[in-house]
Amino acid sequence: MNTYDIIVSRRSVRRFQQKPIDLDLLKNFINAARLAPSAANLQPLEYIIVTEKEHCNQLFEALGWAAYIQPKWIPDSHERPTAYIVILVKDSKNSYYRYDVGFAAANIVIASEAEGIGSCILCNIQKEKIRTIFKVPTTFDVDMVIALGYKGEKPIIEERDDIVKYWRDEQDVLHVPKRKLDTILHVNKF
Ligand SMILES: Cc1cc2nc3c(=O)[nH]c(=O)nc-3n(C[C@H](O)[C@H](O)[C@H](O)COP(=O)(O)O)c2cc1C
């Protein structure tokens with residue numbers, strides 16, 4: 001697949017096969033994040049790769065999944081992520097740091113997708129619990145977690161302008177509404 005096809009076919013995946021991801025591959029994803037654009041090139045981000053089973057289990061307890069799906073849903077024990085990347089920020093007083101996190105996360109999820117690995121960005125997270133689990137020093141903030149694993153589901157895009165809430169159908173397939181191109185695109189004037 002070319003880069004454009006990888007980008008447009010990526011969907012957030014919340015069900016995973018239990019096949020481990022090679023550590024060198026995960027390091028490549030961090031390298032892709034390291035080389036992302038950075039405001040004033042301050043590079044305030046650092047990363048924790050989590051693969052060890054006990055740590056994955058502890059981290060899982062600090063994560064919030066798919067808030068639009070009711071009743072409350074979490075991945076079953078046989079479909080949980082097999083790895084995570086925790087994104088830490090060194091100077092969150094730098095007002096541009098969230099852009100840096102966004103670019104770094106984008107690089108990670110696209111690099112993962114290119115390797116056939118599914119991902120889900122998670123910001124509904126218990127940051128202080130995560131700090132404790134991984135002994136993150138107080139000079140850093142825990143900002144985001146990216147769940148990773150070989151894909152165990154294939155979400156479907158719905159071209160919709162009327163809703164933003166994703167849903168699961170009777171077959172448990174995830175449908176993700178996306179605003180139409182014609183609606184959001186303005187050429188030369190609004
Ligand atoms: C900043 C950010 C925070 C997110 N936080 C969560 C989260 O806490 N839990 C979750 O299940 N998904 C989370 N997501 C995933 C979104 O729900 C998902 O991107 C959205 O539904 C669109 O689906 P898509 O990624 O397949 O295009 C987050 C995404 C972003 C960009």
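Numbering of ligands and ligand atoms starts at 1, following listing order. The chain is numbered in sequence order, starting from 1.
- Within a 6.0 Å radius of CZ in Phe140, more than 12 heavy atoms belonging to other residues, nucleotides or ligands are found.
- No side-chain heavy atom of Ile21 sits under 4.5 Å from any side-chain heavy atom of Glu115.
- The stretch residues 19-58 participates, sequence neighbours left out, in these ring pair (Phe, Tyr, Trp, His ring centres under 6.0 Å) pairs: His55-Phe134.
- Counted within 6.0 Å of CG on Asp182, heavy atoms from surrounding residues, nucleotides or ligands total 12 or fewer; the atom is thus considered open.
- Contact shell of ligand 1 (protein heavy atoms, cutoff 4.0 Å): Arg10, Arg11, Ser12, Arg14, Gly64, Trp65, Ala66, Cys120, Ile121, Leu122, Cys123, Asn124, Tyr166, Val176, Lys178.
- Counting heavy atoms from C-beta outward, Arg14 and Ile74 have side chains that stay 4.5 Å or more apart.
- Taking the six-membered ring where the residue is Trp, Tyr99 and Tyr96 present tilted rings, their angle falling between 30° and 60°.
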